[in-house]
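Here's the structure we're looking at; comments come further down.
Index from 1, following the sequence. Any value given below was found using the heavy atoms of this structure, including those in side chains, with hydrogens, waters and symmetry copies removed.
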Amino acid sequence: MAGAELSYHVRQATIEDIPQMIALDRQCPAAAHWSEVQYRSLFEPTCKRLQKLAFVAQELLAEAGKPVAVRGILGLLVVRSVDSHWEIENIAVSPAYRKKGIGSLFLQSLLPRIADAGGDMVFLEVRESNREARELYEKHGFRETGRRKSYYHDPCEDAVLYVRQIDPSEFSK
């Protein structure tokens, strides 16, 4: 396909994506490794105070500005909120597609959505050794707020806690 361009696309996940989400999750040692039941629960109704969202990233092949093909799921992001506080619960990018901007694309898609929903902060925790993820979060305005000693197992290590304040004016058009 001469003149074809590759780009990445983030969309809200559907229940049909679960098998690919699980397969991707298993490729990524630092991912949360959720069960099928946990992924299915993302698509079940919740109370008004609680919101759960899942997003996937795909590679989009476009020719003359029109999409002509989409590849399988290359990344996933799971978030939940209670009132105005949000938490990133799971994020994973296929090892073959790391360092290509997919993590940044997830956060650039997520943060304005949180602001639009009235969210005022986003929390997350990450393995202390996951330097690439920590650099990504810091690049997008997250700041370290603490640690949970020996939180992770296999291997045992601390969880580093991060938070990002959300200022709606930052995302206003």
Side-chain angles (χ1 to χ4, degrees), residues 6-44 46 50-61 69-82 85-111 113-114 119 121-164:
L6 288 175
S7 63
Y8 302 107
H9 168 72
V10 171
R11 66 169 172 80
Q12 200 155 343
T14 67
I15 201 161
E16 290 81 19
D17 293 321
I18 291 174
Q20 286 187 67
M21 292 169 76
I22 292 171
L24 173 66
D25 178 290
R26 299 310 181 259
Q27 292 176 29
C28 304
H33 302 306
W34 286 11
S35 69
E36 182 175 347
V37 170
Q38 288 173 298
Y39 278 110
R40 286 193 176 283
S41 75
L42 296 171
F43 303 99
E44 295 171 358
T46 60
L50 176 67
Q51 219 180 341
K52 297 185 251 180
L53 297 172
F55 301 92
V56 293
Q58 295 179 292
E59 191 171 49
L60 183 65
L61 180 62
V70 176
R71 294 195 187 168
I73 292 171
L74 310 174
L76 65 88
L77 170 69
V78 177
V79 296
R80 74 175 171 111
S81 73
V82 176
H85 295 164
W86 289 74
E87 181 180 6
I88 295 176
E89 292 191 315
N90 200 359
I91 186 168
V93 175
S94 170
Y97 287 86
R98 292 195 184 135
K99 297 281 193 188
K100 296 184 185 278
I102 293 172
S104 286
L105 186 59
F106 273 136
L107 294 174
Q108 291 163 356
S109 300
L110 175 66
L111 297 174
R113 184 180 284 247
I114 289 173
M121 59 181 54
V122 184
F123 300 90
L124 64 89
E125 61 196 29
V126 61
R127 281 183 178 270
E128 181 178 29
S129 64
N130 194 342
R131 192 71 225 148
E132 287 179 356
R134 293 177 61 195
E135 288 172 1
L136 170 72
Y137 300 133
E138 290 166 8
K139 175 179 145 185
H140 287 276
F142 286 82
R143 64 180 175 75
E144 185 177 331
T145 59
R147 291 176 180 258
R148 290 189 177 130
K149 289 287 185 195
S150 305
Y151 181 78
Y152 291 106
H153 303 282
D154 290 327
C156 181
E157 71 182 291
D158 293 354
V160 180
L161 309 176
Y162 282 90
V163 68
R164 187 188 194 284

Separation of [Y] [atom2] from [X] [atom1] (nearest 0.5 Å):
{"X": "Met21", "Y": "Gln38", "atom1": "CE", "atom2": "CD", "result": "11.5 Å"}
{"X": "Ile102", "Y": "Tyr97", "atom1": "CD1", "atom2": "OH", "result": "8.0 Å"}
{"X": "His9", "Y": "Leu61", "atom1": "NE2", "atom2": "CG", "result": "14.0 Å"}
{"X": "Leu161", "Y": "Arg148", "atom1": "CG", "atom2": "CZ", "result": "5.0 Å"}
{"X": "Ile18", "Y": "Asp25", "atom1": "CD1", "atom2": "CG", "result": "12.0 Å"}
{"X": "Thr145", "Y": "Leu124", "atom1": "OG1", "atom2": "CG", "result": "8.5 Å"}

Of Val122, Leu136, Leu77, Val10, the one forming a side chain to side chain contact (heavy atoms under 4.5 Å, CB included) with Leu107 is Leu136
Quick test of your reading of the model: are [X] and [Y] salt-bridged, counting only N-O distances below 4.0 Å?
{"X": "Glu36", "Y": "Arg40", "value": "yes"}
{"X": "Glu135", "Y": "Arg131", "value": "yes"}
{"X": "Arg98", "Y": "Glu132", "value": "no"}
{"X": "Arg134", "Y": "Glu144", "value": "yes"}

Please report the closest heavy-atom contact between [X] and [Y], naming both atoms and the distance.
{"X": "Val93", "Y": "Gly103", "value": "CG2-N, 4.4 Å"}
{"X": "Ser94", "Y": "Gln27", "value": "OG-OE1, 3.5 Å"}
{"X": "Val160", "Y": "Glu128", "value": "CG2-CA, 3.7 Å"}
{"X": "Glu125", "Y": "Ala159", "value": "CB-CB, 4.3 Å"}
{"X": "Ala30", "Y": "Asn130", "value": "CB-ND2, 3.6 Å"}
{"X": "Gly75", "Y": "Leu24", "value": "CA-CD2, 3.4 Å"}

Going by heavy atoms in the side chains, are [X] and [Y] under 4.5 Å from each other?
{"X": "Tyr162", "Y": "His140", "result": "no"}
{"X": "Leu76", "Y": "Trp34", "result": "no"}
{"X": "Phe55", "Y": "Arg113", "result": "yes"}

Expected output: side-chain [X] to main-chain [Y] donor-acceptor under 3.5 Å:
{"X": "Asp158", "Y": "Ser150", "answer": "yes"}
{"X": "Gln20", "Y": "Ile73", "answer": "yes"}
{"X": "Asn90", "Y": "Val78", "answer": "no"}
{"X": "Arg127", "Y": "Glu157", "answer": "no"}

With sequence neighbours left out, the residues meeting salt bridge (Lys or Arg N to Asp or Glu O under 4.0 Å) with Arg11 are Asp17
Residue set satisfying ring-ring contact (aromatic ring centres under 6.0 Å, His included) with Tyr137, at least two apart, ordered chain then number -> Phe142
